[in-house]
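Below you will find the structure I want to go over with you.
Bear in mind that the values here come from a model prediction, so they are computed numbers and not experimental data. For the numbers below, each heavy atom of this structure counts, side chains included, while hydrogens, waters and symmetry mates do not. Along the sequence shown, residues carry numbers from 1. For ligands, and for the atoms within them, numbers begin at 1 and follow the listed sequence.
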Amino acid sequence: MAEVTLRNLVKEFDDVTAVDGVSLDIPDESFTVLVGPSGCGKTTTLRLIAGLERATDGEIEIGRELVNDQRAYERDIAMVFQNYALYPHMSVRENMRFGLEQHGIDEDVIGERVDEAADLLQIGELLDRRPAELSGGQQQRVALGRAIVREPEVFLMDEPLSNLDAKLRIQMRAELNKLHEALSTTTVYVTHDQVEAMTLGDRIAIMDGGQIQQVGPPTVVYDNPRNRFVADFLGSPSMNFLEGELSRDDGAFVLDVGPIEHHVPEQYAADLRGYEDERVTLGVRPEDITLRPDGVPATVNVVEPQGEKTVLELALGDQVLKASVEPGIPVEMNDRVSLDFDRDSIHYFAEDGSCLTYSPDAVERSQRTGDHAAVTVTEEGD
Ligand code: ATP
């Protein structure tokens, strides 16, 4: 096993800069997920680590060894792709053995490794079948098995679960977690699915425009986003944003967002200092909005029961917010409700998108106390 280090990595394809100065430390034994929207450079970054693309600039180290000039087969990595890339004419066993035979591994060792991996993945019964005789989930397990038997220093996985149906994907995520616990092999996993990233990775690196926007443990990044892109990308439904003009009233900050005058809780005053008379955006996650008396009046536009939670679409003047509330809450379309924001979970963003309340070591902010922020109502359009 090994750590992977990327330093100022750049990859240009003609006039497209797919990877634009990526620096990332991937610790030994970690499960790091590269996540971001389509075209942000995730796959290219993974292919650079694999040696399937040559870097335009920058350095790649695997196990502290510079590998820029090594070809893919010289790097001690194994890849798992979205399309399982199994050889159709070979049995499962032959598919798993093939790479090892190519590397001249001893016959007994090959047999042992294939049996162990088949056990781990519970595909022992399938070893004599051909890929066409397997379900999608079984084929993906074989693809994983083929990677495992290599006993590489690093696993590189590119959207390996995206061909599976939703239920199987959730099951396979749990299995990948278990697998990583059993093998502890350094893993770099690419997905565009933020839920997958949050549930799989012990670290996530969020990419946009060929650059890494933020890296950290999923819950820390979720609770303490560095900028509006990260805040918006993680979470379903996404964070609500209310833009307004920041002013001072009797020493306290007030954000006038049209339908509400939001009194900024004292704990954020230091973060917002210097932004008076500027446009500032308040961000609040759906689960940090609660319905309670004496809050801001809003109208229920839509009620979406989702099983473990109910999502409400609420109209607050001309603004629309989403709130995640307990299931079975007795509200209906067109009801007038009163809402409140969790005081400890509000974020403020400057016009350039940077999060003014971001603090690099704000792990404690994820421990929510449930206090609520003061908001007062003004007439719509004020
Ligand atoms: P997706 O989730 O859609 O796979 P991604 O984040 O993995 O996207 P990449 O595949 O890394 O993104 O692509 C990043 C950018 O580089 C895109 O604009 C893409 O069109 C471009 N690109 C990738 N490979 C090539 C190539 N071989 N030639 C030219 N442009 C490329």
Legend entry - Of the listed options Asp20, Asp158, Thr43, closest to atom 4 (O) of ligand 1 (non-hydrogen atoms):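 It is Thr43 whose heavy atom sits nearest to atom 4 (O) of ligand 1.
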Legend entry - Heteroatom distance test (Cys40, ligand 1): nitrogen or oxygen, under 3.5 angstrom: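 Between Cys40 and ligand 1 (N or O atoms, distance only) the closest approach is under 3.5 Å.
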Inset, instruction - Please determine if Arg203 forms a cation-pi arrangement with Phe31, meaning its NZ or CZ atom is less than 6.0 Å from the six-membered ring centre and no more than 45° off the ring axis. - result: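 No, Arg203 and Phe31 do not form such a contact.
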Inset, instruction - Report yes if some N/O of Ser38 lies less than 3.5 Å from some N/O of ligand 1; otherwise report no. - result: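 Yes; the residue has a nitrogen or oxygen that sits under 3.5 Å from a nitrogen or oxygen of the ligand.
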Inset, instruction - Please report the shortest heavy-atom distance between Ile260 and Val296, naming the atom on each side. - result: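 Looks like CG2-CG1, 3.2 Å.
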Legend entry - Contact with ligand 1 for Gly210, non-hydrogen, under 4.0 angstrom: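 Outside the 4.0 Å threshold, so no.
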Inset, instruction - May I ask you to check whether Lys42 has an N/O atom sitting below 3.5 Å from an N/O atom of ligand 1? - result: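 In this structure, Lys42 places an N or O atom under 3.5 Å from an N or O of ligand 1.
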Legend entry - Protein heavy atom under 4.0 Å of atom 23 (C) of ligand 1: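 Looking at atom 23 (C) of ligand 1, one finds that a protein heavy atom does lie closer than 4.0 Å.
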Inset, instruction - Please identify each residue that fulfils side chain to side chain contact (heavy atoms under 4.5 Å, CB included) with Ala298, with sequence neighbours left out. - result: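 Ala298: side chain to side chain contact (heavy atoms under 4.5 Å, CB included) contacts with Leu314, Leu316, Val337, Leu339.
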Legend entry - side-chain hydrogen bond (donor to acceptor under 3.5 Å, both in side chains) assessment of Ser23 paired with Arg7: CA-CA 4 Å; Ser23 292; Arg7 271 193 222 102; over 6 Å; no
Legend entry - Any residue meeting ring pair (Phe, Tyr, Trp, His ring centres under 6.0 Å) with Tyr275, in chain and number order, not counting sequence neighbours: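 Tyr275: no ring pair (Phe, Tyr, Trp, His ring centres under 6.0 Å) contacts found.
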Inset, instruction - Can you confirm whether something in the protein, heavy atoms only, sits under 4.0 Å from atom 20 (O) of ligand 1? - result: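 So far as the 4.0 Å threshold goes, atom 20 (O) of ligand 1 is out of reach of every protein heavy atom.
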Inset, instruction - Considering only non-hydrogen protein atoms, determine which one is nearest to atom 29 (C) of ligand 1 and report residue, atom name and distance to 0.1 Å. - result: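 Sorting protein heavy atoms by distance from atom 29 (C) of ligand 1 puts Phe13 CB, 3.3 Å first.
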Legend entry - Heavy atom of Gly36, distance to ligand 1 below 4.0 Å: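 Distance cut 4.0 Å: Gly36 fails for ligand 1.
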Inset, instruction - Check ligand 1 against Pro37 and write out every atom of the ligand that is under 4.0 Å from a heavy-atom position of the residue. - result: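 Near Pro37, meaning under 4.0 Å from one of its heavy atoms, ligand 1 has 6 (O).
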Inset, instruction - In sequence, state the C-alpha distance, the side-chain angles, and the governing distance for Asn227 and Gln213, and then conclude on side-chain hydrogen bond (donor to acceptor under 3.5 Å, both in side chains). - result: CA-CA 8 Å; Asn227 58 36; Gln213 302 294 318; 3.0 Å; yes
Legend entry - Gln122 vs Glu175, side-chain hydrogen bond (donor to acceptor under 3.5 Å, both in side chains): CA-CA, chis, key distance, verdict: CA-CA 11 Å; Gln122 298 171 348; Glu175 290 190 21; over 6 Å; no
Legend entry - Point-to-point distance, once rounded to the nearest 0.5 Å, from CE of Met157 to CG of Leu144: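 Between Met157 CE and Leu144 CG, I get 5.5 Å after rounding to 0.5 Å.
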Inset, instruction - Examine His262 together with Tyr348 and report whether their ring centres are nearer than 6.0 Å. - result: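 Here the rings of Tyr348 and His262 have centres that are less than 6.0 Å from each other.
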Inset, instruction - Using distance alone, decide if ligand 1 has a nitrogen or oxygen within less than 3.5 Å of any nitrogen or oxygen in Thr44. - result: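 Yes: some nitrogen or oxygen of Thr44 is under 3.5 Å from one in ligand 1.
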Inset, instruction - Tell me which part of Val16 gets within contact of ligand 1: side chain, backbone, both or neither, using heavy atoms under 4.0 Å. - result: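 For Val16, only side-chain atoms sit under 4.0 Å from ligand 1.
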Inset, instruction - Any atoms of ligand 1 less than 4.0 Å from a non-hydrogen atom of Ala18? List them with their elements. - result: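 Heavy-atom distances to Ala18 below 4.0 Å select 14 (C), 15 (C), 16 (O).
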Inset, instruction - Starting from atom 14 (C) of ligand 1, locate the nearest protein heavy atom and write down its residue, its atom name and how far away it is, to 0.1 Å. - result: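 It is Gly39 O, 3.4 Å.
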